[in-house]
Amino acid sequence: MWNGIKVIVLGLVVLGAAMAANYGKDLAYQVSAVIVAAAAAWAFLYSIGQMGNKRKPPETGYMDGVVRAGVIATVLWGIVGFSVGVWIAFELAFPEINYGEIFGPYLNFGRIRPLHTSAVIFAFGGNALISTSFYVVQRTTAARLFGGGLAWFVFWGYQLFIVLAATGYVLGSTQSREYAEPEWFVDIWLTIVWVAYLVVFLGTIFKRKEPHIYVANWFYLAFIVTIAMLHVINNLAMPVSFLGSKSYSLFAGVQDALTQWWYGHNAVGFFLTAGFLGMMYYFVPKQANRPVYSYKLSIIHFWALIFLYIWAGPHHLHYTALPDWAQTLGMVMSVILWMPSWGGMINGLMTLSGAWDKLRTDPVLRMMAVSIGFYGMSTFEGPMMAIKAVNSLSHYTDWTIGHVHSGALGWNGMITFGALYFLTPRLWNRAGLYSTKLVSWHFWLATIGIVLYASAMWVSGIMEGLMWREVDAQGFLVNSFADTVAAKFPMYVVRGTGGIMYLTGAIIMAYNLRMTMLGRGAAVTNAAVPAE
C-alpha cells in the first residue's frame, strides 16, 4: 500500500513539475522545474520496479549503504567545489577570463563565487556531515538507522537541493544572502529534507541500545537542530509569483542585515564548527586508538559553545547602522567564545597523549592533528578580528578571506579527509587503504597549499586595509581602489597556486579511495566489518 501511495505522489510531482516548467516566468525557475520532473520521474520508475519485488531481505546490522553513497558524494562534490574555487581565484588575478564569447555571463565571478562557497560548504561539507553522522550514530547507539528508507530520502533529497541551488546561481537566480543564496522554492525543499534528517538521527538515538549518548552525537544533534532554526527564520520570504523564482525577504534594512548575519555566523558556528566537532570527537579517538582526553571537558566545551556562538553574529556589522550596543554584544560574545573553542582544541590534541609517535607513521592521524591545530588557530583569529579596533582594519579586506579559508580548508577540509580515509576501508570491507604514501602526498600538498593561500591573503588583506586608510598631510586618501587591486596581484597568483595544490591533493585522495573501494593494494577481509 505504501509503495502504491508513493508511486501516485511521485506521478503527481512529475505532472506538477512539468506544468511549472511550461508556465514558469523565468529561465531559472523553468530549469529547476525540469530538474525536479526528471528526478521525480526516475524515482517513479524505480518505485514501480520495486513494487514487483515482493521478497525483501531482512534488515539486519547497520545501514551502511547510505553512508557509502555519502562518502562518494563527498569526494565528488569536494573536487567540484575546489575546482570552481581555483577558477575564480585566477579570475581575480586575471580578470580577462571573467568574460567569454561562449559562456557569456554564466561563468563570471559574480555567479560562480556563490557556486564555489555552496559547493564546498553545503555539498562537500554537508555530505560529509550527513554520512559521518549516520555512521557515528549507529556505532555509538548500537542501533540501525531509524525510518527504513528515510535515510535514502535524506541523501537523494540533499543531492537534489545541491543541483537546484547550483543551477540557480549560474542562471542568476539568488537571494543575494551570504550562505543562503537559493530562492524560496529551493529553501522549502531543503526544509523538508532537513526535517527528515532530524527524524532519522533523533529516532536512532531514541531506539539506542546503549544508555549513554556519546558526546559526538550531542554536537551532531545541536548542528542539525540549530541549522533548521536558522534556515527557516533567515529565509522567510514572499514569492512574487508561485511560477517564478523571485521573492522578497520578510525583513528589511538593518533588521534584515542582523537576521542575515545571525544566520551567517551561526552557519559557521553550527554547520562548520559544531557538526565537524562531532566528527573530531569520534574519528580522532578511533584513529589514535585512545580515549577522549577529558569527557568532562567535552561536555563543558559543548554547552559553552552552544550558548555563546548564537550571540556572535553582530560582529559582522561593526561600523554600520546596527545599534552600537548590538555591535558591542557581538564583539564581547565573540571574545568569550575563544575559551570554549580552545577547550575543544586542547581536548582533541590531548587525546593524542600516548599516541604522539603515531604521527610519524600514520598520515591519516597527522591530517586529523593538523586539522585540530587549524581549528585552534582560526578560533583565536576570529575573536581577535571581532574586536572593533582590529575589525576597522580587517573588514572587507582579503584578511577575512584568509581567515575563512584557513578554517574551511585547514579545519573542515582536513578533518573530513581524515574521516574519509578512516571510513573507506571499513565500509568497503578492505584490510587497509590502497596507498598510505599517497595519503602523505595528499597531506603535504594540502598543508602547503593552505599555508600559501592563507599567508597570501593575510599579507594582501593587511596591506589592503593600510592602503585604504592612508592619508596625506592634507587628510586626503593617498590610494585609489584601483591602486589596491593592482598591488594585490602577486598575492592573488600565490593564492591560486595554493588552491591548485589543495585541489591536486583532493584528486590524489579520490584516486586512492577509488582503488581502495576496488580492493587494489589491500586484501579483502572475509570477516564482517567490526561495529566501530
Exam field: side chain E181 to backbone Q175, donor-acceptor pair closer than 3.5 Å:
no

When you measure from the side chain of H315 to the backbone of I387, do you find a donor-acceptor pair of N or O atoms at a distance under 3.5 Å?
no

Taking every non-hydrogen atom, the tightest pair across E91 and L107:
OE2-O, 2.8 Å

Taking the inter-plane angle between the rings of F422 and F283 on a 0 to 90° scale, is it parallel (under 30°), tilted (30 to 60°) or perpendicular (over 60°)?
perpendicular

Which heavy atom of S394 sits nearest a heavy atom of T400, and at what distance?
O-OG1, 3.5 Å

Can you list the steps and then say if Y421 with T516 is a side chain to side chain donor-acceptor pair (under 3.5 Å)?
CA-CA 10 Å; Y421 283 126; T516 303; over 6 Å; no

Side chain to side chain, Y281 and T351, heavy atoms closer than 4.5 Å
no

May I ask you to test the F270-I310 pair for a side-chain heavy-atom distance under 4.5 Å?
yes

Drop me the distance from T167's OG1 to I35's CD1, to the nearest 0.5 angstrom.
4.0 Å

Between T424 and R430, is any pair of side-chain heavy atoms under 4.5 Å apart?
no

Just checking F90: does its CZ atom have more than 12 heavy atoms from other residues, nucleotides or ligands closer to it than 6.0 angstrom?
yes

Testing the 3.5 Å rule here: is there a donor-acceptor pair between the side chains of H395 and H318?
no

Of all residues at least two apart in sequence or in a different chain, which pass the ring pair (Phe, Tyr, Trp, His ring centres under 6.0 Å) check with Y511?
Y434

